[in-house]
There are 2 protein chains.
Amino acid sequence: MKRPTIRDIARAAGVSPTAVSFALNGKNGISEATRERILNAANAMGWAPNPVARALSISRSHAVGLVIPRPKSAHSSERFFFHFMLGLQSTLAGADLGLMTHMSTSEDDELEAYRKWWAQRRVDGVFVLDPRQDDPRDSLLHDIGMPAVFVGDVQAHSGAVLAQDAGMMRVIAEHLRERGKTSWAYICGRTSKTHIRLRVEALTAYAQAHGVHLQVVAETEFTEHSGYIETNRLLASQVVPQALIFENEILALGGIQALADNDMKPGRDVFVVSCEDSAICRIVTPAISAIDRDPSTLGQHAAQVMIDMLEGATPYTLQEGVPHLIVRASSAGNRD
Amino acid sequence: MKRPTIRDIARAAGVSPTAVSFALNGKNGISEATRERILNAANAMGWAPNPVARALSISRSHAVGLVIPRPKSAHSSERFFFHFMLGLQSTLAGADLGLMTHMSTSEDDELEAYRKWWAQRRVDGVFVLDPRQDDPRDSLLHDIGMPAVFVGDVQAHSGAVLAQDAGMMRVIAEHLRERGKTSWAYICGRTSKTHIRLRVEALTAYAQAHGVHLQVVAETEFTEHSGYIETNRLLASQVVPQALIFENEILALGGIQALADNDMKPGRDVFVVSCEDSAICRIVTPAISAIDRDPSTLGQHAAQVMIDMLEGATPYTLQEGVPHLIVRASSAGNRD
DNA sequence: CTGAAAGCGCTTACAG
DNA sequence: CTGAAAGCGCTTACAG
């Protein structure tokens, strides 16, 4: 009934606990024959390591942490979190690392969670979401010595994974140019966020290089209504855009509404593309073309950076691969 | 730099480690004066318990686990999981319990995760999602002695939290009757699932008690198309329903499409209500009335059952509170 | 190549 | 009311 310990298997194999520990951990100083005998005994007795005891010895918990910040405002990001976690777990599993999660209610709560996890040696490192410039969390984690991987932006002291913002815009741009669209508008939210700034820059550069007329509408709310308003405004402007790129699907929804009110058919008269995908894009009529972000891959990358850091690598940064545009009815026509 | 241990604070307070342990854990056998001296010393030195060491001593990990089953098919449930976890954490935090998560790729993987967590003493108990009748997981967990709380159905050996299926239908029924609707249709999916059977029963009972004409359309796919087909069929039937209750928002979407094709206005000519809420219900035109499931509360309840079980209570079952109907345009008119 | 021993930080019978 | 001691299961210098 009781689980076997290394003492038990030492007794069974007729060796010392030390030898067992060495054999089990693949250290040398054990003859091949002895090692085999020990491993057999361990298997026969169904031995599994007790990570708690191991953690107490070596001061490592074999778990990492993820705090999901400010869930009150995170409603639109549920899909992202879910698939990001999926990716994390799939590669953490390979390194036998568990994942602890915490949902924070405020930034203080988040910092407190890090301190507590670290003080209690509950986790060996953490993933940090929604980074911003000069993020205070980077300093805190560095000060207490806690390994961290930031998701979305580079930091001074921690590892990071980066989304492909420029690459994403390039994919959209190529799609539109391929379909003969030469006048675009990009309806993005506030450009204060790093990743949106990057997108604007990439799109602008592309447009200039290829003689495309581009209007950028910034400083909008992320609501259907503001997508509607801005689209109407664009349709009334001197150069009516042939393609509308929306920061997310909520804005795009408003845009489609505006097109309908102006008797324009999305996908025929004007192309519509969203930088963010969701069930809404699939279900709405017409379905909206959208970038498939694949947060799962981002999670896998983040996990890999963490694993390497825990094995002693200096913090480094990994780029997300080139994203993919799911072409739906809202931008499917007019190939020439 | 090094974290203080109970030895350190024992030395500082001039007592034995035993005394410190007793004082810190609020056991008696320590004079009030001594206890205070010890607590002061602990605070002054910034002592925090090392849960790993404690776990090794008392064989408890102070963490519980949640495995999210079969993520491949879980796309529609991301919102549920997210908010369920939110609820879990908010009450687990009060009991100082951490949460470990795992996403399983198959049922075998899930069972393996339980075994491993338990063998390694990583968690003290687990939450189990998507229960079905005679769930094999109940036996497994019982066999290995792992405390478990099932979410959605009662089990032979474990604790459980139950959704309010009957209550949900009653809320919808009252809303419809209040607005003068006396002929309804309920478009549900397969009735093989326990919770759908419960809903049908509750709705049927209510309709009979109040002289409402009710048609139940079962055995439909959970797709927009099948919502469309079934609604068209209902509109052509002898008794055209004045209100359509859809199992989820995807079916409802198809229903609204069918109404539009028949020149009927949802919310005026025919009421539409969905048993499942999501961004889609808010965003579509007209917005769809829907039950606000609040998976977060369900999570809080589940956590409470777990906490009690870990403190020695026999497994018990908790009912979710009465759900709330969010009334939107699709069923807002005709009050009389 | 191998074993006896101390230690990780806490808890808990057991003696005083 | 209090302390010395053993133990949880593993790791790792240290001696042979």
Side-chain angles (χ1 to χ4, degrees), chain A residues 1-39 41-42 45-63 96 98 116-122 124 310, chain B residues 1-39 41-42 45-63 96 116-122 124:
Chain A
M1 197 63 244
K2 212 170 142 299
R3 301 175 54 217
T5 72
I6 57 170
R7 288 181 72 107
D8 299 323
I9 101 165
R11 207 166 318 155
V15 296
S16 72
T18 307
V20 176
S21 175
F22 274 52
L24 259 15
N25 290 303
K27 306 215 168 174
N28 44 17
I30 297 276
S31 72
E32 209 37 66
T34 314
R35 181 187 306 273
E36 201 151 320
R37 191 150 42 90
I38 292 174
L39 292 181
M45 304 176 71
W47 178 86
N50 179 329
V52 167
R54 176 177 284 169
L56 185 57
S57 273
I58 67 179
S59 275
R60 273 193 53 176
S61 66
H62 278 275
D96 208 36
K116 194 166 174 186
W117 271 350
W118 191 241
Q120 299 190 159
R121 300 291 188 263
R122 283 243 165 186
D124 299 327
L310 293 183
Chain B
M1 198 64 241
K2 214 168 142 301
R3 300 175 55 217
T5 72
I6 57 168
R7 290 180 71 108
D8 299 322
I9 103 164
R11 206 167 317 156
V15 295
S16 71
T18 307
V20 175
S21 175
F22 275 52
L24 260 14
N25 290 304
K27 307 217 166 170
N28 45 16
I30 298 276
S31 72
E32 207 39 63
T34 314
R35 181 188 304 272
E36 201 152 319
R37 192 151 42 91
I38 293 174
L39 292 181
M45 304 178 70
W47 179 85
N50 180 328
V52 167
R54 176 177 285 169
L56 185 57
S57 275
I58 67 180
S59 274
R60 273 193 51 176
S61 67
H62 279 273
D96 208 36
K116 194 166 173 185
W117 272 349
W118 191 241
Q120 299 189 158
R121 301 289 188 262
R122 282 244 165 186
D124 299 327

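Reckoned from all heavy atoms, side chains included, excluding hydrogens, waters and symmetry mates. Proteins get letters first, then strands, A, B, ... in listed order; numbering begins at 1 in each.
- The side chain of B:I58 sits closest to C:dT12 out of D:dT2, C:dT12, C:dC10.
- In this structure, the NE2 atom of A:H62 is 18 Å from the P atom of D:dG9, given to the nearest Å.
- In this structure, B:S59 reaches neither bases nor backbone, as no heavy-atom distance under 4.0 Å exists between it and the strands shown.
- Under 4.0 angstrom from either OP1 or OP2 of D:dT2 there lies at least one side-chain N or O belonging to B:T34.
- A donor-acceptor contact under 3.5 Å links the side chain of A:T18 to the base of D:dT12.
- In this structure, B:F22 and A:R54 both approach DNA chain D, and ranking their closest nucleotides by distance from the 5' end singles out B:F22.
- Looking at residues two or more places apart in sequence or on another chain, you find no side-chain hydrogen bond (donor to acceptor under 3.5 Å, both in side chains) involving B:N50.
- Judged by the 6.0 Å and 45° rule, A:R122 forms no cation-pi pair with A:W118.
- Going from atom CZ of A:R121 over to atom C1' of C:dC8 covers 12 Å, rounded to whole Å.
- With a 3.5 Å ceiling on both atom-pair distances, C:dA13 lacks any Watson-Crick or G-U wobble partner.
- Rounded to whole Å, the distance from CH2 on A:W47 to C1' on D:dG9 is 10 Å.
- Spacing between atom CZ of A:R37 and atom P of C:dC1 amounts to 14 Å, rounded to whole angstrom units.
- Per the geometry, CG belonging to A:D8 stands 13 Å off C1' belonging to D:dC8, to the nearest Å.
- Between the CG atom of B:N50 and the C1' atom of D:dG9 there is a distance of 15 Å, given to the nearest Å.
- Partners of A:S16 under the side chain to side chain contact (heavy atoms under 4.5 Å, CB included) rule, at least two apart in sequence or in another chain, are A:T18, A:A19.
- Toward the 5′ end of DNA chain D lies the nearest nucleotide of B:V15, the other residue of the pair B:L56 and B:V15 mapping further downstream.
- Following rounding to the nearest Å, A:R11 (CZ) and D:dC10 (P) show an atom-to-atom distance of 13 Å.
- Taking atom CZ of residue B:R60 and atom C1' of nucleotide C:dC10, one finds them 15 Å apart after rounding to whole Å.
- Across all strands shown, C:dA4 remains unpaired; no Watson-Crick or G-U wobble contact has both distances below 3.5 Å.
- The distance from the NZ atom of B:K116 to the CG atom of A:D96 is 4.0 Å, given to the nearest 0.5 Å.
- Of the side-chain N and O atoms in A:S16, one or more sit less than 4.0 angstrom from OP1 or OP2 of C:dG3.
- B:I6 comes within contact range of at least one nucleobase, with a heavy-atom separation under 4.0 Å.
- OP1 or OP2 of D:dT11 sits under 4.0 Å from a side-chain N or O of A:S21.
- At least one side-chain heavy atom of B:I38 sits under 4.5 Å from a side-chain heavy atom of B:T34.
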